[in-house]
**Q** 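Here it is, the structure, as structure tokens.
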Amino acid sequence: MTIKEIAQLAGVSASTVSKIINNNDDSISDATRTRVLEVVKKYNYAPYSPSVRAGLRTFVLGVIFRSSMSMARLVGGMTERAGEAGYMLQILNSRDDAECERKNLLLMTTTGQVDGILWEPLGEESAAALEQLQHSRIPYITFNDPHNPSCCLDYARMAYRATNLLIDAGHREIGCLLTTGTRTAAFLEGYRQCLFDHQLLFDEDLIFQEADEKLIHRIAARTVSGLVSTHFATALKLYEKALSLHYQIPYDVSLVSLKDDRREQGDFPRISSLSIPFGPFGAYLAGALIDTIEKKETEIRPFEPGLELLSKGTVDIPFSMRTRKITVIGSINMDIYLTFPALPHSGKTVSTALTASYPGGKGINQAVGAAKLGHRVCLVGRVGNDVESDQIYDTMKEYAIDCSGLMRSTNQATGRAYIFVEEKGDSMISILSGANLALTPEDIEENRYLFDHTGYCLICTEIALEVVRTACRTAQAHGVKTIVKPSACSGLGDDILRHIDILVPNLDEIYEICPRELFSSSLSEKADYLLSKGVGLVIVTLGAEGCYVKGAGIDERFPAMDFTPVDNTGAGDAFICALASYLLYGYDLRRAIRIAGYAAGFCITRQGVIPALVDKATLESYIRQKEPGVLK
């Protein structure tokens with residue numbers, strides 16, 4: 001390809017092409033220059049001369065990095081953008097050495113092998129080298145240079161954004177975790193500016209250099225509720241250290257960090273972070289230099305990328321604003337549903353083709369129900385080391401339930417419940433306990449920290465009674481109110497009853513846990529017996545008849561809500577988790593019971609407990625239509 005052929009393809013004279021190729025094109029219009037350069041790059045034109053003359057276009061960009069770290073982060077974006085525009089890169093590394101930097105600049109400015117230079121100066125010691133570059137009259141752009149702020153990664157802006165995320169979540173005691181490096185000073189400036197703009201005082205004591213004992217003490221004392229970090233590696237160390245000390249992020253402290261955009265995203269831990277846009281910044285620099293070389297732009301526009309938040313997993317409201325959580329201790333099963341026209345009984349065989357399976361058990365049901373109603377929930381129990389246990393962990397993850405107290409038993413299968421459902425909604429259940437019976441009092445003792453910051457502990461008796469006893473005692477020792485569902489047990493000892501704040505049996509269960517001599521007594525007399533043993537409140541659920549409540553200052557029946565039954569299996573669990581949820585929200589007992597009745601009603605309208613458990617928005621929307629005064 002000759003100059004004449006290039007001129008013919010571009011529709012200009014050969015002299016015009018020559019002027020553009022030799023960088024002597026000030027008198028030529030931008031449109032003509034662009035058209036000729038597009039043809040030159042499309043056909044990979046190169047001069048016949050065996051050596052490149054100074055001033056001749058080479059379509060090579062020179063890049064001088066300060067260090068290997070900068071090179072690794074930016075070169076990908078530069079290469080991609082340069083390639084799109086028909087350029088190649090010649091890359092040199094100054095290795096943080098002033099003499100090496102001077103030699104690199106000398107090489108690029110005297111050989112005529114580059115059309116322009118991208119240069120990352122070392123600092124003030126680069127002043128003499130800058131003068132040398134200016135004398136060469138080669139187009140250049142400095143980057144990550146305080147003297148050229150338009151071509152810098154704006155760490156101050158990133159820090160401002162990270163700090164503002166925490167302020168928007170309600171945080172006021174926000175610390176700054178600084179790791180020494182090139183971004184540190186600018187990051188601190190952005191953090192301080194954000195505090196100033198929101199009229200929050202800057203406190204030197206909230207500046208931390210590492211995840212040390214000073215920081216952990218601040219988290220424990222609740223004098224720092226959120227942290228911003230310059231480096232993801234430091235944020236990860238804090239996360240791991242907090243976890244080892246049984247602190248939870250973001251429950252105890254929220255965390256936002258900067259993160260390299262080249263780092264792979266893993267499922268754990270999902271630390272909330274702002275991606276540092278190294279790739280887009282490299283592309284921006286190459287594009288800006290090409291525009292300068294080709295005289296498309298007379299002024300370089302500042303680099304202003306969007307700042308993407310990667311995950312919201314470690315940002316939440318501060319501890320001081322948080323409602324206390326609900327801790328659930330109980331059975332964890334896979335529920336296998338079998339639907340029949342009529343339930344089986346002794347001497348009668350029935351068959352069905354209708355079956356379904358869901359994670360279940362009173363522990364899971366109550367945990368998911370409370371989570372759907374807007375609470376932070378922790379589940380304590382045991383599963384096997386099998387496929388079913390993986391499904392259970394996935395379900396807990398779906399509803400953001402804390403699984404710190406969920407343990408695997410290698411020599412036991414996950415519990416199973418076989419649920420026989422009659423078409424009109426009645427059901428009967430057979431349970432294969434499996435790993436549920438492997439839960440021990442020692443498991444409760446080892447997980448005592450899970451009772452911290454708990455408002456209500458929901459306990460069912462489909463686990464060993466010694467575990468129920470330990471759980472009740474541990475909960476009350478932490479100032480936590482207990483709600484116990486006495487299912488699948490023939491009695492509760494006095495040493496358990498005295499530690500129960502609210503006992504919720506159904507009609508069959510209250511007969512089981514009261515002495516035989518009270519068999520023919522009224523519900524009121526049975527409740528009196530339980531109250532005399534130390535139970536704070538007795539609520540007997542009566543299915544379609546509602547519930548009977550007796551305790552200090554209350555002796556009352558509450559009607560059931562009008563819902564068409566499909567499967568009544570989880571009604572009691574729905575009632576209990578809603579009762580705890582709305583008591584924790586500050587509702588009085590009578591209104592909480594009414595709301596719990598609606599939640600139980602929703603639960604009987606679908607087969608399978610978890611799919612039928614109602615969420616907070618749906619429940620409250622329905623109640624506002626039916627009985628708006630309950631929610632006031």
**Q** How are the rings of F303 and Y284 set relative to one another: parallel (under 30°), tilted (30 to 60°) or perpendicular (over 60°)?
**A** tilted

**Q** Distance alone, cut at 3.5 Å: any donor-acceptor contact between the side chains of S389 and R408?
**A** yes

**Q** For S257 and S273, which I'm curious about, is there any donor-acceptor pair between the side chains at under 3.5 Å?
**A** no

**Q** How long is the span from the CD1 atom in I174 to the CG atom in L200, to the nearest 0.5 Å?
**A** 6.5 Å

**Q** May I ask you to establish whether K616 and Y585 are in a cation-pi arrangement, using a distance under 6.0 Å from NZ or CZ to the six-membered ring centre and at most 45° from the ring axis?
**A** yes

**Q** Please report the interatomic distance OG1(T454) to NE2(H375), rounded to the nearest 0.5 Å.
**A** 12.0 Å

**Q** Report the distance from atom CG of L309 to atom OG of S272, rounding to the nearest 0.5 Å.
**A** 5.5 Å

**Q** Would you call D203-R192 a salt bridge at under 4.0 Å N-O?
**A** no

**Q** Give me the ring orientation class for Y251 and H453: parallel if the planes are under 30° apart, tilted from 30 to 60°, perpendicular past 60°.
**A** tilted

**Q** Restricting to non-hydrogen atoms, name the atom on L439 and the atom on R382 that form the minimum distance, rounded to 0.1 Å.
**A** N-CD, 3.7 Å

**Q** Is F202 atom CZ crowded by more than 12 heavy atoms from other residues, nucleotides or ligands, each under 6.0 Å away?
**A** yes

**Q** Less than 3.5 Å apart, any donor N or O on the side chain of N333 or T414 sitting next to an acceptor on the other?
**A** no

**Q** Between R469 and E466, does the salt bridge (charged side-chain N to carboxylate O under 4.0 Å, His left out) criterion hold? Intermediate values first, please.
**A** CA-CA 5 Å; R469 183 181 300 109; E466 59 265 28; 5.3 Å; no

**Q** With salt bridge (charged side-chain N to carboxylate O under 4.0 Å, His left out) as the criterion, how do K241 and E213 come out once you've worked through the C-alpha distance, each side chain's angles and the decisive distance to 0.1 Å?
**A** CA-CA 10 Å; K241 186 165 188 175; E213 294 302 318; 3.2 Å; yes

**Q** We want to know whether N385 and Q412 form a side-chain donor-acceptor pair, criterion being a heavy-atom distance below 3.5 angstrom.
**A** no

**Q** Under a 3.5 Å cutoff, is there a donor and acceptor pairing between the side chains of T223 and E173?
**A** no

**Q** Is it true that R66 and D96 have a side-chain N and a carboxylate O under 4.0 angstrom from each other?
**A** no

**Q** So, do Y393 and V383 sit near enough that their side-chain heavy atoms are less than 4.5 Å apart?
**A** yes

**Q** Who pairs with D452 by side-chain hydrogen bond (donor to acceptor under 3.5 Å, both in side chains), at least two apart in sequence or on another chain?
**A** none

**Q** Please lay out, stage by stage, how S94 and I64 fare under the test side-chain contact (heavy atoms from CB on, under 4.5 Å).
**A** CA-CA 7 Å; S94 296; I64 302 175; 3.4 Å; yes

**Q** Taking everything shown except H217 itself, do over 12 heavy atoms lie less than 6.0 Å from its NE2?
**A** no

**Q** Show the numbers, then the answer: is there a salt bridge (charged side-chain N to carboxylate O under 4.0 Å, His left out) between D402 and R376?
**A** CA-CA 8 Å; D402 180 1; R376 290 175 56 83; 5.8 Å; no

**Q** If the condition is side-chain hydrogen bond (donor to acceptor under 3.5 Å, both in side chains), which residues does R172 pass it with, not counting sequence neighbours?
**A** none

**Q** Kindly assign one of parallel, tilted or perpendicular to the pair F65 and F143, based on the angle between their ring planes and the thresholds 30° and 60°.
**A** perpendicular

**Q** Report, as yes or no, whether the 6.0 Å neighbourhood of atom NZ on K214 holds more than 12 heavy atoms from other residues, nucleotides or ligands.
**A** yes

**Q** State yes or no: are the ring centers of F278 and F281 separated by less than 6.0 Å?
**A** no

**Q** Look at atom CD of E124 and say whether more than 12 heavy atoms of other residues, nucleotides or ligands are closer to it than 6.0 Å.
**A** no

**Q** Check whether any side-chain heavy atom of V484 lies under 4.5 Å from a side-chain heavy atom of I502, and answer yes or no.
**A** no

**Q** Is there a salt bridge (charged side-chain N to carboxylate O under 4.0 Å, His left out) between D168 and R161? Walk through the geometry before answering.
**A** CA-CA 10 Å; D168 286 346; R161 167 94 163 105; 6.0 Å; no

**Q** Using side-chain heavy atoms (C-beta onward) and a distance below 4.5 Å, is I207 in contact with Q209?
**A** yes

**Q** Side chains of D443 and T440 only: does a donor on one sit below 3.5 Å from an acceptor on the other?
**A** yes

**Q** So, for Y155 and F187, is the gap between ring centers shorter than 6.0 Å?
**A** no

**Q** With a 4.0 Å cut-off on N to O distance, would you call R157 and E189 a salt bridge?
**A** no

**Q** Does NZ or CZ of K481 come closer than 6.0 Å to the centre of the six-membered ring of Y456, within 45° of the ring's axis?
**A** no

